[in-house]
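Let me begin by presenting the structure, written as structure tokens, before commenting on it.
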Amino acid sequence: MRDLVLAAELVNYRRERWLTPEGKVIVAPLPEGVSSGFGRNLRRACLALHTQGQVTTPRLTAILNGIGVEISKRQVVRLLTTGLDPFVEEDSAVLHAGLVSAPFITVDDTGARHNRRNAFTTQIGGERFSTFRTSLSKSRLNFLSVLRAGHQDYVLNDEAMNWLKAQGVEHAIMARLKTNPPAVFTDQIAFLEYLASKGIDILDRQLLRLLRRRRSGAPSAITACSATR
């Protein structure tokens with residue numbers, strides 16, 4: 001026979017307190033994952049029920065109160081929306097690992113509401129992974145930025161230069177951009193600074209769109225001057 005037990009548990013932590021000669025009080029930290037007076041298991045349950053079970057925050061609050069956990073709707077929302085950096089990093093790692101290892105990927109997008117505005121959710125998946133990204137655009141550039149899996153680096157290499165040549169970019173601009181060995185930039189700001197230093201008008205939207213547009217492959221994808229590794 002299989003059964004499930006849901007019960008509220010109150011845990012008291014005894015934390016050491018030290019007073020330094022300078023008069024500063026040092027208090028031992030709480031265990032990792034404990035925040036706002038609630039433990040890790042409670043937060044796990046909230047995240048699982050809300051994301052996988054699609055349980056709304058009012059209903060989630062009622063469930064927790066029903067099993068003896070004194071918690072308000074605002075506190076539930078705080079558990080669901082704050083301190084999510086480890087989950088964001090894990091989600092980005094899943095996408096990167098999937099793009100590296102999957103023999104194929106499938107993509108689709110659908111309309112979605114976000115922050116009271118019309119937005120779009122893009123799904124990228126393979127045999128063993130699936131990720132979702134919501135943004136205010138469904139443009140090709142936005143989709144390509146999703147494929148970057150959190151990376152922000154740019155690169156100027158031979159493939160990028162060949163593509164710019166095929167697009168009919170002026171030889172004078174090509175000459176300014178050509179570099180050997182390939183130049184790598186940490187993010188878009190560094191890339192734009194490089195373009196400006198070469199006398200290229202970074203306010204020319206049509207030219208800038210060409211310089212950022214092309215990408216092939218994933219995750220080692222390349223825009224005409226942009227790559228993710």
Just to verify, what does [X] make a side-chain hydrogen bond (donor to acceptor under 3.5 Å, both in side chains) with, not counting sequence neighbours?
X	result
Ser197	none
Arg133	Asp91
Ser135	Asn142
Ser92	none

[atom2] on [Y] to [atom1] on [X], rounded to 0.5 Å:
X	Y	atom1	atom2	value
Ile26	Leu19	CD1	CG	9.0 Å
Met161	Asn157	CE	CG	9.5 Å
Phe143	Thr122	CZ	OG1	7.5 Å
Thr81	Leu47	OG1	CG	10.0 Å
Leu80	Cys46	CG	SG	6.0 Å

*asked:* Between Thr134 and Thr121, do the side chains contain a donor N or O and an acceptor N or O under 3.5 Å apart?
replied: yes

_Whether the Thr131 and Gln123 side chains hold a donor-acceptor pair (N or O, under 3.5 Å, no angle test) is what I'd like checked._
no

What about [X] and [Y], same hydrophobic cluster or not, with Ile/Leu/Val/Met/Phe/Trp/Tyr joined at side-chain heavy-atom distances under 4.5 Å?
X	Y	answer
Leu64	Leu49	yes
Leu84	Leu42	yes
Phe38	Ile63	yes
Leu156	Leu192	yes
Leu30	Leu79	no

*Less than 6.0 Å separating the ring centroids of Phe185 and Tyr154?*
no

*Applying salt bridge (Lys or Arg N to Asp or Glu O under 4.0 Å), which residue pairs with at least one partner in residues 103-112 are found, sequence neighbours left out?*
Asp109-Lys138

*Pairs in or reaching into residues 52-74: which pass salt bridge (Lys or Arg N to Asp or Glu O under 4.0 Å), with residues at least two apart or in two chains?*
none

Distance-minimising heavy-atom pair for [X] and [Y]:
X	Y	value
Arg176	Lys198	CD-O, 3.1 Å
Tyr13	Pro31	CE2-CG, 3.5 Å
Thr57	His50	CG2-CE1, 4.3 Å
Asp187	Ala190	OD1-N, 2.9 Å
Glu32	Arg40	O-CD, 2.8 Å
Arg116	Arg113	O-NH2, 2.9 Å

Greater than 12 external heavy atoms within 6.0 Å of [X]'s [atom1]:
X	atom1	answer
Arg128	CZ	no
Ile67	CD1	yes
Asn65	CG	yes

*Verdict with supporting geometry, Ile124 and Phe132, side-chain contact (heavy atoms from CB on, under 4.5 Å)*: CA-CA 6 Å; Ile124 302 175; Phe132 300 85; over 6 Å; no

*Is there a donor-acceptor contact under 3.5 Å from the side chain of Gln75 to the main chain of Ser72?*
yes

_Side-chain donor/acceptor of Arg15 to backbone N/O of Val27, under 3.5 Å_ = no

_Would Phe120 and Leu136 count as a side-chain contact (heavy atoms from CB on, under 4.5 Å) here? Give the steps._
CA-CA 6 Å; Phe120 305 92; Leu136 299 178; over 6 Å; no

*Kindly determine whether Val146 and Val107 satisfy side-chain contact (heavy atoms from CB on, under 4.5 Å), including the steps that lead there.*
CA-CA 11 Å; Val146 171; Val107 297; over 6 Å; no

